[in-house]
Asks: 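Have a look at this one.
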Amino acid sequence: MAGELCLLLLLFCGSTISEVQPIYKPPPGTLDFGFVPAKTYDTGAYHEPGAIGILFKIVHAFLYLVQPNTFPQDLIRKLAQQQFGNTQGDYQKPENVVLTLQAIYYEIGFIVSAALGLLFILLLPLVGLCFCMCRCCDNCGGEMHQRQKKNADCQRSCFATFLFVASLIISVGVLCAYAANQHLTNQVRGAKKLVNSNFKDLKIFLNDTPAQIDYLVNQYNTTKDKALSDLNNVGPVLGSRVQEQLGKEVRPALDAALTMAGAIRETKEALENVSVSVEVLQEGTERLHANLTDVKMHLSNTLNDSACNAAQAASTCNIIRNSLAQLNINANFSGLPGVSSQLAKINDVLKIDLSSLVQKGYAAFNDTPDLVVNQTRNILSDIKSVLESIGSNITTFTRALPVQKILADLMVHLTQSEAYVQDYFPLVEQYDFYRWLGCLILCCMLVLILVFYYLGLLCGTCGYDKHASPTTRGCISNTGGNFLMAGVGFSFLFSWVLMIVVVLTFVTGGNVEKLVCEPFEDKNLFKVLDTPYLLNKHWKNYLAGIIFKNPNVNLTFEKVYSDCKENKGIYTSLHLEYLFNINELLNISMYTEDVALKIEHIQINLSKIILLDEIGKENLLNFSSSGIDGIDFSAYLTEINKSVTKVDLLSFANDLEARADQLPKGALENALKGHANNIRMIHNQQVVPLEQAMKYVKARSTLNQSIRLLKRTSSELMVKVKNVISAVNAAQDLINNNASQVIVQETKKYMDTIIGYFEQYTEWVKESISMEVAACKPIANVIDTAVDIFLCSYIADSVNTFWFGLGGSSMFLIPAIIFAVKLSKYYRRMDTEDVYDDSVEQW
């Protein structure tokens, strides 16, 4: 019934899944569906035996010595499939004989051990009977006469030591058996909590599954809300995508036009700076030129004086006269061509605000999302209706499934099963008490024998007097000997009973450990159960035949157990896809196809977008023909780089004064020195300001920067303008003629994004159903609890440890009997004695 519930629940989960074959594979926006609600299971299907686990390991090692063969998978398969006893002579068939021999070979360790136990059971009572009868005839040590020997003390000590060691070993075996017996009882008493935990997990499994299903169904709203959000924001989503694709050509074209508009303004500023700077520099250089000309004229007049004709002054005057040409300005800004005509044309170009025209193009292009919204309003309303209808269908289908009724029925069965277990658990504890009591009685049999042996050793050792003769031994010593013989008698009485129990529990518990527990741990047991045609000769796969009524489906016990052990969903564990096709229960693909068709019908017209009108283009052409490329930039740069004067005036004045000193003292010398001082004054008052004053430095720097800017701007200006206009025209042509192709491409991507939300939802549901919904860990826990914990850890390990301790103690009863009989002769009071006879004592 639980399997039917899981099937129906998974059927319901599958109703939310559709098989959508994506046409395109762009990465859609990732949706966050959260985590499927799941509660933690309480059962920990693992048993830690504690200190007694050491004994369990010793027993396992002993069983390995008895049965070292691996699990006989093939043999068990053949034995299960072979027919025995249907007709006379079946057992004599060669194949059956071979199987029988193979089974005997596998069980040879158990068979030999059981045979030895049966021999013990048969022989020990018989030996005890013969021993008693022999002693009644005063033989076998029954004669109350002891011959004295020289090594009597050594023999007595050896017999006492061997008996004590044997008793200790028997005591250890009794303790092991008692510990195993008590461990099993304790585990049975504590099993109720583990059983209740398993029932609790199964209830959680049933109660939590509907909530998980509801969560999966409700998460469709996340998908729908995201799709509706994108549809409501079709402008920012689809419009932005179209705008982004067109913008790859449109924005660079507009940016180039805007850059060119900025270049026009910069050109005007540069021309104005050139005009102003040239005027400032012309003013300074013209005044300097006038003063230098005046100084040169007066200096020339002085050199024409008759004093220069004297023989001593003639050569010096000629040298000075020849250097007068150096007294002149070097940078002549007055001869530079003007830029007024170019500035006038640029001012005419700036009468039209090109930047404003470009910004209008930007604004028109940025209105693309609004155009998309206005032109897709009707189609989007239809798509929203489709999305709402999908949600309505899911809700309708949810209400049509009788999930709650089946869950209620299963919960009733589970509750009844739990009540049945609770009712019969006291009976189990009662029977376990009887078992515990029986095992305790078996242990007490050995304890009784041990008590006689220990008391015999104690009384005999303490009461023995080596100076007393055998006939005069004390009462305590004689009592010790009687205790030993009583122990021997009870050993013969109880040993065969103990060995019967040992043999039965050994054969049963040992085979359970080797044929069930060990293969269950390494999953070989499941491989046997999964053998084709084993459990049903007409079914290849038994589990698939039960669940699907189709034994050809590859569903195995091992795979189901492993998947449930990993807490996978029951849909994956049981391969329920073979039972029903969840994709056909609610085919969302037809809705997504309808959505795709409607999205494909979106038509967007962007022809109203004007990037740059004809006025703006004409304005660009006027700028290119403004004539700035005709400016003689080299002449300007040459004058800028020249020094103010052809010669350093201070050096010239110093040189002039030095040559005046070479002349005879008189008016000529004084006149030349006066001219030298005038030259120094011109240098300080005019040349130095032209070189260092902020006004002239700034004018020279501004002129240099402006000329270089104009030179860069004018370089291939016509080509640049034509390239800008061509780019704008190409972008405009793309919008007018080829935008439909871009729109179709981006519309498909937009459609894939919307459909991608549904694909994410279906994939998430499939993954959740496979791994999270109805996680079947409780089923694996039930199997582990029943087999690994109850059968193997609680029962098999305890039973095996019990027979191991009881059997070891029983086996050591044989040497204990021999040593006790021998030792009692040295403790009991004899009727007669012969101190002179040293011959070997006979029984």
Side-chain angles (χ1 to χ4, degrees), residues 6-40 205 208-231 237 383-384 386-398 401 403 563-564 566-596 749-777:
C6 297
L7 295 180
L8 184 57
L9 295 179
L10 269 282
L11 177 67
F12 173 68
C13 293
S15 66
T16 61
I17 299 179
S18 65
E19 186 175 355
V20 181
Q21 297 296 333
I23 300 175
Y24 308 98
K25 287 294 182 180
T30 302
L31 298 179
D32 183 11
F33 297 108
F35 297 97
V36 177
K39 294 183 179 179
T40 303
F205 174 76
D208 201 32
T209 301
Q212 293 176 331
I213 296 173
D214 292 339
Y215 183 82
L216 294 183
V217 174
N218 292 334
Q219 285 306 304
Y220 171 76
N221 293 328
T222 301
T223 306
K224 183 187 71 174
D225 293 342
K226 180 60 177 176
L228 290 176
S229 175
D230 282 3
L231 292 172
V237 179
I383 297 175
K384 293 177 182 178
V386 172
L387 296 179
E388 293 293 342
S389 66
I390 297 175
S392 300
N393 288 342
I394 292 177
T395 303
T396 301
F397 185 81
T398 302
L401 289 175
V403 177
D563 288 345
C564 288
E566 296 174 3
N567 203 26
K568 293 183 179 179
I570 199 169
Y571 183 84
T572 299
S573 302
L574 295 181
H575 295 283
L576 298 183
E577 64 271 12
Y578 292 104
L579 185 63
F580 53 83
N581 187 353
I582 58 178
N583 296 322
E584 295 178 357
L585 297 178
L586 185 60
N587 189 4
I588 296 181
S589 61
M590 68 178 182
Y591 297 105
T592 56
E593 290 174 1
D594 192 15
V595 172
K749 293 181 180 180
Y750 178 72
M751 174 190 68
D752 293 338
T753 299
I754 299 297
I755 294 177
Y757 297 144
F758 294 95
E759 294 176 357
Q760 286 188 64
Y761 175 69
T762 56
E763 290 300 322
W764 173 75
V765 171
K766 290 178 182 178
E767 179 68 19
S768 298
I769 288 177
S770 299
M771 303 303 297
E772 299 180 63
V773 174
C776 58
K777 181 71 171 179

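Remember, it's a predicted structure, so these values are computed and weren't measured experimentally.
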Asks: About how many Å separate CG of D32 and CH2 of W764, when rounded to the nearest 0.5 Å?
Replies: 9.5 Å

Asks: Check side chain to side chain contact (heavy atoms under 4.5 Å, CB included) between N567 and all other residues, then give those that pass, not counting sequence neighbours.
Replies: Y41, A775, K777

Asks: Please identify each residue that fulfils salt bridge (charged side-chain N to carboxylate O under 4.0 Å, His left out) with K568, with sequence neighbours left out.
Replies: D563, E566

Asks: Apply side chain to side chain donor-acceptor pair (under 3.5 Å) to E772 and list each qualifying residue two or more places apart in sequence or on a separate chain.
Replies: none

Asks: What's the shortest heavy-atom distance between Q219 and F33, and which atoms?
Replies: OE1-O, 3.4 Å

